[in-house]
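Counting begins at 1 with the first residue of the sequence. This is a predicted model, so every value here is computed, not measured.
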Amino acid sequence: MTSSTRVVVIGGGMAGARLARQLTAGTGPGAAAPASVGVTVIGEEPDAPYNRVLLAEVLAGRYAPEVIALPAPGEAVDWRGGVRAVRIDRAARRVWCDDGAYVPYDALVLATGANPVLPPLRGLLSPGGGDLPDGVHPFRTLDDCRALAAAARPGTPAVVIGGGLLGVSAARALAGRGARVVLAHQGEHLMERHLDPDAGALLAAHLTALGIEVHTQCRVRGLETADGAARAVEFADGYRLDADVVVLACGVRPRTGLAHAAGLDVGRGIRVDDSLRTDDPHIYAIGDCAEHHGTVYGLAGAAQEQADALARVLTGAPAGPVPDPAPYTGTRALTRLTLTAHPAPAHLAPAGPAPAVPASFDLAAFGETVPLPGDDVVRLSDATRSAYRKVVVRGDRLVGGILLGDLGTVGALARTWEGDEPLPTAPLLHLLTTDGGF
């Protein structure tokens, strides 16, 4: 990248913000000097960049919105917040925005993120489309968080649709604000993408102890409204449940509209190679919108690794003492969730004596948690402590694990998996004990 290169980033989320910082502050020892690199970020959200992973903590009232703000890009970044990119002109190498302006580029980075999936519920949208009814919210942005915080008062009946990582986090946060929460999940157990049935049952028991009503194998069929506001949800078996707040936590879909309209190669996400480059040599993609060798990660850790790798590509900086043949070869993704034991703030708590609050509950899941024939599986379960630990071993390698309970830290086991290191010669049971890193 020369000193006159104009880099335009579409997307002001975690991936786009990290890339902008890396390009204007260097990428570590040996990095090429960014000097007068021109970096423009077009961010649809008006807020400064923030850590999306901590939105549930804001909703629960534990953090103020400013606490989850990411470090601001330097003055060298032309940050255009509250502006939406509407068209990419590949021939002229410029991006047109909804304010009528256009931004020329030498290198364009798509960090457009993902949109919440809207389930096919009767009554969710009017025949002509339009806005969601009052009280119905996705849970993806800081604006969503503010709207939910304003609506979820003590005693408010709330239904969270979807029992994945996001739905569990939202349900816990709403319960922390004193809302009466029902968590409805269509799958056989909670977080089935990450947990097995035993771990899912322990998680459901913990949420129940927090006052959350959990229903699995339960499909929401429709939404009842009155005067444009949510009043109830209807389940597939005909059961009706009052709901002034409905949270849609049914997954996300990569935002690929701009790329598709520009004629780029799009699958589930925007397809990129090991340099994070699309089939246009001047356009790259990172974060939740990017598909690398068939995988869309949708995780903050992968977005950060991709941003760092692309910064090295664009600056020509080495990856380390021995540069990798490819800047980005994939992410070994670990999912981590902590359900804190802190009660709702006093001014948010419902009237009456405060209920006992269970201990903090940690969850970590990584790799292949379903064993193949010939794999070794080690499992420890302690229902009295709400603890569950399972690892899958293939040969001398750890290939996956599920850890629930008061872990404190994921420890040496997850580091062994992340580094793809041979396991020690100690008995496998030792991996799951305190001496084994937990």
Side-chain angles (χ1 to χ4, degrees), residues 1-27 31 34-53 65-66 68-90 93-115 140-143 254-259 262 264 269-270 272 276-278 280 282-290 300 302-315 317:
M1 185 169 71
T2 68
S3 60
S4 60
T5 299
R6 299 164 298 181
V7 178
V8 175
V9 183
I10 301 178
M14 296 178 70
R18 185 176 181 102
L19 176 63
R21 290 196 305 273
Q22 297 289 64
L23 290 176
T24 55
T27 56
S36 57
V37 170
V39 179
T40 300
V41 178
I42 303 170
E44 190 169 334
E45 292 187 58
D47 294 292
Y50 56 88
N51 187 343
R52 201 181 303 275
V53 175
E66 55 269 21
I68 69 170
L70 296 173
E75 294 181 357
V77 177
D78 178 11
W79 190 277
R80 305 189 183 189
V83 176
R84 184 167 61 92
V86 296
R87 185 167 65 89
I88 300 169
D89 185 339
R90 291 170 58 187
R93 291 191 206 166
R94 59 180 58 171
V95 177
W96 288 91
C97 302
D98 62 353
D99 60 1
Y102 69 83
V103 185
Y105 67 84
D106 297 305
L108 175 63
V109 182
L110 302 178
T112 49
N115 283 327
R140 179 71 181 168
T141 69
L142 196 51
D143 278 347
R255 295 184 65 178
T256 60
L258 270 176
L264 297 175
I270 305 166
V272 297
L276 288 312
R277 184 182 285 111
T278 69
D280 183 318
H282 302 286
I283 302 179
Y284 305 80
I286 58 174
D288 293 356
C289 69
Q304 292 173 345
E305 288 186 15
Q306 290 171 2
D308 292 349
L310 183 53
R312 294 192 294 269
V313 169
L314 294 176
T315 60

*asked:* Go through it in stages, so that I can follow the logic: the residues are Val83 and Glu44, the test is side chain to side chain contact (heavy atoms under 4.5 Å, CB included), and I'd like the CA-CA distance, side-chain angles, deciding distance and then a yes or no.
replied: CA-CA 5 Å; Val83 176; Glu44 190 169 334; over 6 Å; no
*Step by step, work out the side chain to side chain contact (heavy atoms under 4.5 Å, CB included) result for Ile42 and Trp79.*
CA-CA 6 Å; Ile42 303 170; Trp79 190 277; over 6 Å; no
*Could you please spell out the steps behind the side chain to side chain contact (heavy atoms under 4.5 Å, CB included) verdict for Val7 and Val9?*
CA-CA 7 Å; Val7 178; Val9 183; 4.3 Å; yes
*asked:* So which atom in Cys97 and which in Val103 form the shortest heavy-atom distance, rounded to 0.1 Å?
replied: SG-CG2, 4.4 Å
*Minimum side-chain heavy-atom gap Arg87-Asp89 below 4.5 Å*: yes
*Taking atom OH of Tyr284 and atom CG of Leu19, what is their separation to the nearest 0.5 Å?*
11.0 Å
*Specify the closest pair of heavy atoms between Ala107 and Leu314, including all atoms of both residues, with the distance to one decimal.*
CB-CD2, 4.2 Å
*Sub-3.5 Å donor-acceptor pair from the side chain of Tyr50 to the main-chain atoms of Leu142, do we have one?*
yes
*Does NZ or CZ of Arg94 fall inside the cone over Tyr102's six-membered ring, less than 6.0 Å from its centre and within 45° of the axis?*
yes
*Grab the two heavy atoms, one from Gly12 and one from Val41, that are nearest each other, plus how far apart they are.*
CA-CG1, 4.0 Å
*Rounded to the nearest 0.5 Å, what's the gap from CD1 on Ile286 to CD on Glu305? Could you check?*
12.5 Å
_So, using salt bridge (Lys or Arg N to Asp or Glu O under 4.0 Å) as the criterion, who are the partners of Asp47 when residues are at least two apart?_
Arg146
*Indicate yes or no for a side-chain donor-acceptor contact from Gln306 to the backbone of Gly287 under 3.5 Å, with no hydrogens or angles considered.*
yes
*Check whether any side-chain heavy atom of Ile88 lies under 4.5 Å from a side-chain heavy atom of Trp96, and answer yes or no.*
no
*To the nearest 0.5 Å, tell me how far Arg255 CZ sits from Asp288 CG.*
11.0 Å
_Distance, nearest 0.5 Å, that separates CZ of Arg80 from OG1 of Thr40_ = 5.5 Å
_Minimum heavy-atom distance Arg21-Pro73, with the two atoms named_ = CG-CA, 4.1 Å
*asked:* Check Glu45 with Arg140, please: is the shortest side-chain N to carboxylate O separation under 4.0 Å?
replied: no
_Main-chain N/O of Arg84 paired with Asp98 side-chain donor or acceptor, under 3.5 Å_ = yes
*Is it true that the side chains of Arg6 and Tyr105 contain a donor and an acceptor less than 3.5 Å apart?*
no
*Side-chain heavy-atom pair Arg277, Val272 within 4.5 angstrom cut-off*: no
*asked:* In the structure I gave you, are the side-chain heavy atoms of Leu70 and Met14 within less than 4.5 Å of one another anywhere?
replied: yes
*With distance as the sole test, does Asn51 use its side chain to make a donor-acceptor pair with the main-chain N or O of Ile68 at under 3.5 Å?*
no
*Of all the heavy-atom pairs spanning Leu110 and Ala259, show the shortest one and how long it is.*
CD1-CB, 3.9 Å
*Test log, rule side chain to side chain contact (heavy atoms under 4.5 Å, CB included), inputs Val109 and Ile10*: CA-CA 6 Å; Val109 182; Ile10 301 178; over 6 Å; no
*How close do Pro254 and Gly269 get, heavy atom to heavy atom, and via which atoms?*
CB-CA, 4.1 Å
*If only atom types and distance count, is the side chain of Thr278 paired as donor or acceptor with the main-chain N or O of Ile283 below 3.5 Å?*
yes
